[in-house]
2 protein chains.
Amino acid sequence: MISMRSKYALKALGYMARNPEKESFLIAEIAQAEGIPKKFLEAILLTLKNNGILSSRKGPGGGYAMAKAPATVTIGAIVRSFEGDLAPVQCLSETAHASCPECGDEDTCGIRLVMADVSQAVSSVLDTVTLADMLQRSEFERQKRQQVVDFAI
Amino acid sequence: MISMRSKYALKALGYMARNPEKESFLIAEIAQAEGIPKKFLEAILLTLKNNGILSSRKGPGGGYAMAKAPATVTIGAIVRSFEGDLAPVQCLSETAHASCPECGDEDTCGIRLVMADVSQAVSSVLDTVTLADMLQRSEFERQKRQQVVDFAI
DNA sequence: GCTAAGTCTAGTTTGAATATAGGATATAGC
DNA sequence: GCTATATCCTATATTCAAACTAGACTTAGC
């Protein structure tokens, strides 16, 4: 399960990417539009900024803006900002690399070997799909269903 | 991150599968051998029994035994006994299916679409690899490294 | 019926996730 | 330089699940 933080981040970034005509966004506006607690979103956007995904300006007329094009931001980069690396077991974490307590020999640990494959499988999805891809897929589904409704009428 | 429960379960089952000559195992024996808190392991083995992976007999001479051959038990079946289905977001969970709070339209939610791919990727690994496979890979790594040591000498 | 085992119920403890409050800091416009 | 606006930062509450423990109950073999 990914955290609310990650979900809120994806929703907030989705909102921003869907409105490319706007130069900057207020926290309060995004919070309102996407139904995210404002104070919580504050911390989330700050994290995204510190990870180079957003930029910000203080003061009147300020706000947040995308630091990169949506097509160059992977879902993996976003999620990892909050979940750390997505290691299914501690001993596979590169940041915070602590060998699993009691995992005898790390090199030959069967659990570790299998989980390395899992980690690889997850990354191959999340590091391939971009924010733009996500929105495009969503839009595609929306239109597909719209058509069905049209036919029904 | 998988829970300690899952890790302990994998270790316990690994121990049992590595000693096929034994007909049954005491909780205390497994706990000792694998360094698992005995009372905690108690609950874990019970869960594995309720999921059809282990069988048990009470009383003197009793204990736990594998209910199936290690080659027919997938890592997915073991892990899912403790983690539920491995849905990365609530709305993808089949048991406990509750739509994510605030996830507007579930059919067109981009987050859900991407996470469905992630879920699929994870399952394709965990439902393919069996307990026997895991031990075999571990043994293979062990021998590979053993050879390197031999050459070094 | 004694003892060795698993089974069940009910806790405790700890830590992380979610969220909020309130002030500090920066900047635009006058 | 004052004020309004907005982000930035620190601290704290709250809630919940994970990890683990205690102790009584049940079953089976001798």
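Order of the sequence lines sets the chain letters (A, B, ...), proteins ahead of strands, with each chain counted from 1.
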Residue pairs passing the ring-ring contact (aromatic ring centres under 6.0 Å, His included) test where at least one lies in residues 38-61 of chain B, sequence neighbours excluded: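 Of all non-adjacent pairs touching residues 38-61 of chain B, those that pass ring-ring contact (aromatic ring centres under 6.0 Å, His included) are B:Y8-B:F40.
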Nearest-Å distance for atom pair [atom1]/[atom2], residues [X] and [N]:
X	N	atom1	atom2	answer
B:L45	D:dC20	CG	P	15 Å
A:L41	C:dA17	CG	P	18 Å
A:F40	D:dT14	CZ	P	17 Å
B:I27	D:dT21	CD1	C1'	14 Å
A:M1	C:dT18	CE	P	12 Å
A:E83	C:dA17	CD	C1'	10 Å
B:L46	C:dC8	CG	C1'	8 Å
B:K38	D:dA22	NZ	P	11 Å

Using a strict 4.0 Å threshold on nitrogen-to-oxygen distance, state whether [X] and [Y] make a salt bridge.
X	Y	answer
A:R137	B:D117	yes
A:R145	B:D107	yes
B:D127	B:R80	yes
A:R18	A:E34	yes
A:E29	A:K22	yes

Touch class at under 4.0 angstrom, heavy-atom based, for A:F82 against every strand present: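 The residue A:F82 makes no contact with any strand.
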Short side-chain N/O contact to D:dA19 OP1/OP2 from B:Y8, under 4.0 Å: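 So the side-chain polar atoms of B:Y8 never come under 4.0 Å of the phosphate oxygens OP1 or OP2 of D:dA19.
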Euclidean distance, A:S81 OG relative to A:N50 CG, rounded to 0.5 Å: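 Answer rounded to 0.5 Å: 9.5 Å.
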Listed nucleotide nearest any side-chain atom of B:P37, set D:dT21, D:dT7, C:dG6: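 Within the option list, the nearest is D:dT21.
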Nucleotides 22-30 of chain C: protein proximity per nucleotide (B base, S sugar-phosphate only, - neither; heavy atom, under 4.0 Å): B--BSBB--
5' precedence on DNA chain C between A:S6 and B:S56 (nearest-nucleotide basis):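 In this pair, the answer is B:S56.
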